[in-house]
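A note on names: the letters A, B, ... follow the listed sequences, proteins ahead of strands, and every chain is numbered from 1. Worth knowing before you read on, the calculation uses all heavy atoms, side chains too, and leaves out hydrogens, waters and symmetry mates.
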Number of protein chains: 2
Amino acid sequence: MTTSQLAKKASVNLETVRYYERRGLIPEPPRTESGYRDYSQDIIARILFIKRAQDLGFTLKEISELLSLRVDPDTTCCDVRQRTETKIRDVDEKISDLQRIREALTVLVQSCKGKGPTSACPILEAIDTKETSHANH
Amino acid sequence: MTTSQLAKKASVNLETVRYYERRGLIPEPPRTESGYRDYSQDIIARILFIKRAQDLGFTLKEISELLSLRVDPDTTCCDVRQRTETKIRDVDEKISDLQRIREALTVLVQSCKGKGPTSACPILEAIDTKETSHANH
DNA sequence: CTTGACTCTGTACCTAAGTAAAGAGTTTAT
DNA sequence: ATAAACTCTTTACTTAGGTACAGAGTCAAG
């Protein structure tokens with residue numbers, strides 16, 4: 001099938017298909033005599049795999065590696081499991097960062113009654129006058 | 001003081017100072033006769049404000065807006081408070097997304113004993129064969 | 001045959017926040 | 001005076017994941 005047929009069946013943009021090929025996520029397909037790409041049916045599933053792995057937080061680079069692992073006879077489940085555990089740790093760290101930010105923002109909001117000019121706003125003042133925490137950044 | 005003196009005192013890269021000027025976060029300073037920028041001391045504090053607001057999760061665009069609010073006589077604390085509350089909601093949404101991802105990844109890891117070839121890996125199979133959740137994306 | 005829709009390639013563009021580099025002018029210390 | 005370090009402007013580049021577009025070739029339906 002053509003590129004746009006594949007894109008429609010996999011629910012991605014036509015350009016995205018070509019992008020994934022450039023990035024090595026899908027193989028370059030055979031061509032028709034006129035030079036059109038001629039995709040086989042299994043590429044639909046491959047693109048769906050990519051999008052689902054993206055939903056799980058894997059980057060395209062990581063997904064490309066997973067796809068390679070899948071067909072490499074020298075690798076085991078253990079490799080995949082480890083990458084998934086690493087991703088969990090990445091996610092945990094991001095959550096922690098965001099929770100730290102949330103707490104700081106909450107403190108700021110609670111310090112501000114929402115009345116008065118911005119020139120005397122406790123939030124802006126707190127950001128402005130905080131001790132040299134950045135210097136230790 | 002010169003650009004690099006400012007950069008050192010504010011603990012940012014020389015290029016970053018010029019970048020912030022291009023982005024309108026800091027004003028274009030007066031120049032010496034030779035064309036060198038001549039920054040006043042208060043710009044140090046301004047850059048520190050920017051970095052601290054960044055640490056709190058605000059984008060440079062949002063920070064630029066906060067800085068404008070600070071000197072606008074028509075705005076009140078309420079404006080700042082609302083932006084901070086919006087940022088909290090942004091952060092909450094990101095945390096929720098990440099927690100959803102974490103849960104899905106955890107389920108995957110628990111399904112895999114780490115033994116066997118990747119061709120029969122429960123994690124990869126789950127990503128591969130998940131029902132048409134993407135199509136509903 | 002004609003026209004519109006399709007395909008292709010290669011390049012450019014977007015977002016956000018920087019960072020790098022070339023070439024030319026200026027400053028500083030010896 | 002000299003050389004090295006500095007400053008400037010302009011342009012380009014990075015990351016990640018796309019998306020757009022021009023110009024040329026191809027396909028399909030009327």
Would you find a donor on one side and an acceptor on the other, under 3.5 Å apart, between the side chain of A:S64 and the backbone of A:L60?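 A pair under 3.5 Å: no.
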Any donor-acceptor pair under 3.5 Å linking the side chain of B:K87 with the backbone of B:F58?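 Side chain of B:K87 to backbone of B:F58: no pair is present.
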Between [options], which nucleotide gets closest to the side-chain atoms of [X]?
| X | options | result |
| --- | --- | --- |
| B:S34 | C:dT27, C:dA21, D:dG18 | C:dT27 |
| A:S4 | C:dC6, C:dC8, C:dA20 | C:dC6 |
| A:K51 | D:dT26, C:dG18, D:dG18 | D:dG18 |

Would you kindly give the [atom1]-to-[atom2] distance between [X] and [N], to the nearest whole Å?
| X | N | atom1 | atom2 | value |
| --- | --- | --- | --- | --- |
| A:E21 | C:dT9 | CD | C1' | 11 Å |
| B:E33 | C:dT27 | CD | P | 9 Å |
| A:Y39 | C:dC8 | OH | P | 7 Å |
| B:Y19 | C:dA21 | OH | P | 19 Å |

Strand-adjacent residues in residues 86-96 of chain B, judged by heavy atoms under 4.0 Å from DNA chain D: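 Output list: empty, so none.
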Net bend of the helix from C:dC1-D:dG30 to C:dT30-D:dA1, end axes of five pairs each, nearest 10 degrees: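 Helix axis angle between the two ends: 20°.
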Does D:dG17 have OP1 or OP2 sitting under 4.0 Å from an N or O in the side chain of A:Y20? no
Does NZ or CZ of A:R46 lie under 6.0 Å from the centre of the six-membered ring of A:Y39, at an angle within 45° of the ring axis? no
Report yes or no: is there a donor-acceptor pair, N or O only, under 3.5 Å between the side chain of B:Y36 and the base of C:dG25?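 A donor-acceptor contact between them is present.
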Closest nucleotide of DNA chain C for A:R22 versus for B:F58: which of these residues is on the 5' side?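 Final value for this comparison: A:R22.
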Most 5' of B:L60 and B:R18 on DNA chain C, judged by nearest nucleotide: B:L60
Please determine whether a side-chain nitrogen of the Lys or Arg among B:E93 and B:R89 lies less than 4.0 Å from a carboxylate oxygen of the Asp or Glu.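 A salt bridge is absent here (no side-chain N lies under 4.0 Å from a carboxylate O).
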Scan A:T2 against the nucleic acid and name what it touches under 4.0 Å (heavy atoms): base, sugar-phosphate only, or nothing. sugar-phosphate
